Amino acid sequence: MKRTLQAVATSPQFGLVVVILLLSAALTLLAGTHIDRVSGQEVNSFLNRGTLLQVFTDASFFAIMAVGATVVIISGGIDLSVGAVYALSGVFMASVLRSAELTGPEALVLGFGLACAVGIACGLANGVLICGLKVHPFIITLGSMMVFRGVAFVTTRAESILVPGSLTEFAKATLGLGKGLYPVPLLLTLVVGGLGWLFLTRTAPGRQVFAIGGNEVASLYSGVPVSRVLVLVYAISGLCAGIAAYLGASYYGSASSSDGQGYELLVIASAVVGGASLRGGKGSAVSALLGALLIALFRQAVRTLKFDQNYEQILIGCAIIVAVVLDRWSSRIGESRSTRSQ
């Protein structure tokens with residue numbers, strides 16, 4: 001029992017869970033009460049089913065992308081194009097479904113396949129350019145971000161494209177929880193997070209991602225197919241953006257070239273706050289989901305406490321700075337202990 005408690009207390013996710021619980025407790029105390037429109041009863045303005053599920057739903061769209069971004073960051077890279085991939089995947093899927101006039105269950109399957117295919121294609125393009133041209137991922141993905149967003153803008157002429165009603169019915173299925181409660185985004189996010197955890201911890205390419213992020217040159221001399229794994233890493237990031245685009249367009253009922261703007265910040269913030277090191281070699285899919293939940297709680301705190309919306313950016317920026325400082329601090333402690341032990 002003692003060992004189990006020690007393992008939990010020293011796990012990378014323990015600190016995040018404590019911060020999330022403390023922030024939730026503070027919001028519960030400070031939020032006040034209001035009359036719920038569905039039940040007609042007085043409820044806490046934060047601690048109620050509707051608000052809590054809305055927090056998870058808001059987090060879902062960038063939490064899925066945060067899983068892919070975490071894989072990229074563990075490899076020592078960065079992907080600034082995820083928001084643009086999100087927009088391009090959504091408008092391409094909506095355009096094809098609208099042209100084909102599909103409205104039934106087949107639209108669910110085809111739409112998912114189209115969004116994922118576009119996301120993977122964008123990710124593969126990023127990975128091939130990074131490995132082929134030997135250019136830093138920051139430069140390549142900065143350029144591709146503008147290209148993908150521009151293609152989405154030109155092809156749609158900045159107009160929103162409606163998706164078939166069957167997609168919205170799927171994304172907003174209540175699953176018996178009651179009116180106004182939509183758990184599908186949360187469930188899909190948990191599935192993606194679980195698959196990300198399995199990839200990083202139970203597969204050879206997943207372990208190679210950590211090795212490349214820790215020391216790319218040593219990995220290359222050890223026989224790790226570095227270029228192939230890096231292309232796979234960016235394809236996974238694109239796939240996660242495609243899945244998020246499918247979910248987002250389905251939930252909101254339309255797709256637009258302006259969708260996903262600013263998601264780059266939220267995605268990277270979620271990964272970094274979740275413990276992924278920008279120097280590579282460190283990170284977790286589960287921690288990325290917790291980081292996304294913490295970012296969503298920051299955003300909800302601004303709304304619940306009726307602060308100016310501009311404070312949201314300040315809070316997220318401070319969270320990134322604190323996370324990076326803590327990562328650097330823990331790294332120095334580790335290096336100091338290693339030096340003393342030698």
Side-chain angles (χ1 to χ4, degrees), residues 50 53-68 82-123 148-149 151-153 155-156 158-196 236-263 266-267 270 289 292-293 296:
L53 194 54
Q54 189 60 49
V55 170
F56 286 118
T57 302
D58 288 344
S60 298
F61 305 115
F62 59 88
I64 291 175
M65 290 191 285
V67 174
V82 286
V85 176
Y86 177 97
L88 184 58
S89 301
V91 298
F92 183 81
M93 175 194 73
S95 299
V96 173
L97 292 180
R98 186 177 180 181
S99 300
E101 298 182 351
L102 297 174
T103 57
E106 65 274 14
L108 290 173
V109 179
L110 181 60
F112 184 77
L114 288 170
C116 291
V118 174
I120 292 173
C122 293
F148 298 151
R149 180 77 67 185
V151 171
F153 183 84
T155 54
T156 62
E159 293 181 353
S160 294
I161 304 172
L162 297 177
V163 301
S166 57
L167 271 70
T168 305
E169 291 173 4
F170 162 72
K172 290 194 169 182
T174 62
L175 303 182
L177 292 182
K179 185 179 179 182
L181 300 176
Y182 310 123
V184 171
L186 171 62
L187 296 176
L188 190 55
T189 302
L190 293 176
V191 170
V192 173
L195 293 175
I236 290 174
S237 179
L239 171 62
C240 289
I243 295 173
Y246 172 77
L247 183 61
S250 300
Y251 187 83
Y252 294 113
S254 66
S256 162
S257 60
S258 62
D259 289 347
Q261 283 187 338
Y263 271 18
L266 296 176
V267 167
S270 300
L289 296 185
L293 178 57

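Remember, it's a predicted structure, so these values are computed and weren't measured experimentally. FYI, the numbering just counts along the sequence from 1.
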Participant: How long is the span from the CD1 atom in Ile64 to the SG atom in Cys240, to the nearest 0.5 Å?
Facilitator: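 Reported value, rounded in 0.5 Å steps: 8.0 Å.
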Participant: Measure the shortest side-chain to side-chain distance between Leu187 and Leu175 over non-hydrogen atoms and say whether it is less than 4.5 angstrom.
Facilitator: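 A side-chain contact exists here, since the closest heavy-atom pair is under 4.5 Å.
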Participant: Between Met93 and Val163, does a side-chain contact (heavy atoms from CB on, under 4.5 Å) hold up when you go through it step by step?
Facilitator: CA-CA 8 Å; Met93 175 194 73; Val163 301; 4.2 Å; yes
Participant: Look up atom OG1 in Thr156 and atom CG in Asp259, then write down how far apart they are to the nearest 0.5 Å.
Facilitator: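 Here the interatomic distance stands at 9.5 Å.
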Participant: Take Tyr251 and Thr57, measure what side-chain contact (heavy atoms from CB on, under 4.5 Å) needs, and give me the verdict at the end.
Facilitator: CA-CA 10 Å; Tyr251 187 83; Thr57 302; 3.8 Å; yes
Participant: Do the non-hydrogen side-chain atoms of Ser95 and Thr155 ever get within less than 4.5 Å of each other?
Facilitator: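 When only atoms from C-beta onward are counted, Thr155 and Ser95 do not touch, as no gap falls below 4.5 Å.
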Participant: Quick one about Ser254 and Ser160 (side-chain donor to acceptor, distance below 3.5 Å, no hydrogens or angles considered), yes or no?
Facilitator: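 No.
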Participant: First locate atom CG of Leu266, then atom CG of Asp58, and finally report the distance between them rounded to the nearest 0.5 Å.
Facilitator: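 Interatomic distance, Leu266 CG to Asp58 CG, rounded to 0.5 Å: 10.5 Å.
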Participant: Nearest 0.5 Å, what's the CZ-OG distance between Phe170 and Ser250?
Facilitator: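 Answer rounded to 0.5 Å: 7.5 Å.
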Participant: Out of Tyr252, Phe56, Tyr263, which residue meets the ring pair (Phe, Tyr, Trp, His ring centres under 6.0 Å) rule with Phe61?
Facilitator: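 That would be Tyr252.
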Participant: Can you tell me how far NZ of Lys172 sits from CG of Leu167, rounded to the nearest 0.5 angstrom?
Facilitator: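 Between Leu167 CG and Lys172 NZ, I get 13.0 Å after rounding to 0.5 Å.
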Participant: Let me see the working for Phe62 and Thr189 under side-chain contact (heavy atoms from CB on, under 4.5 Å), right down to the final yes or no.
Facilitator: CA-CA 9 Å; Phe62 59 88; Thr189 302; over 6 Å; no
Participant: When rounded to the nearest 0.5 angstrom, what is the spacing between CG in Leu247 and CE in Met65?
Facilitator: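 So the gap between those two atoms works out to 10.0 Å.
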Participant: Any non-hydrogen side-chain atom of Phe153 less than 4.5 Å from a side-chain atom of Val91?
Facilitator: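 Contact flag for Phe153/Val91 side chains = no.
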Participant: Does Val118 form a side-chain contact (heavy atoms from CB on, under 4.5 Å) with Leu88? I'd like the steps, not just the answer.
Facilitator: CA-CA 8 Å; Val118 174; Leu88 184 58; 4.1 Å; yes
Participant: Tell me which one of Cys122, Ser257, Ser89 satisfies side chain to side chain contact (heavy atoms under 4.5 Å, CB included) with Phe148.
Facilitator: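 Only match with Phe148 under side chain to side chain contact (heavy atoms under 4.5 Å, CB included): Cys122.
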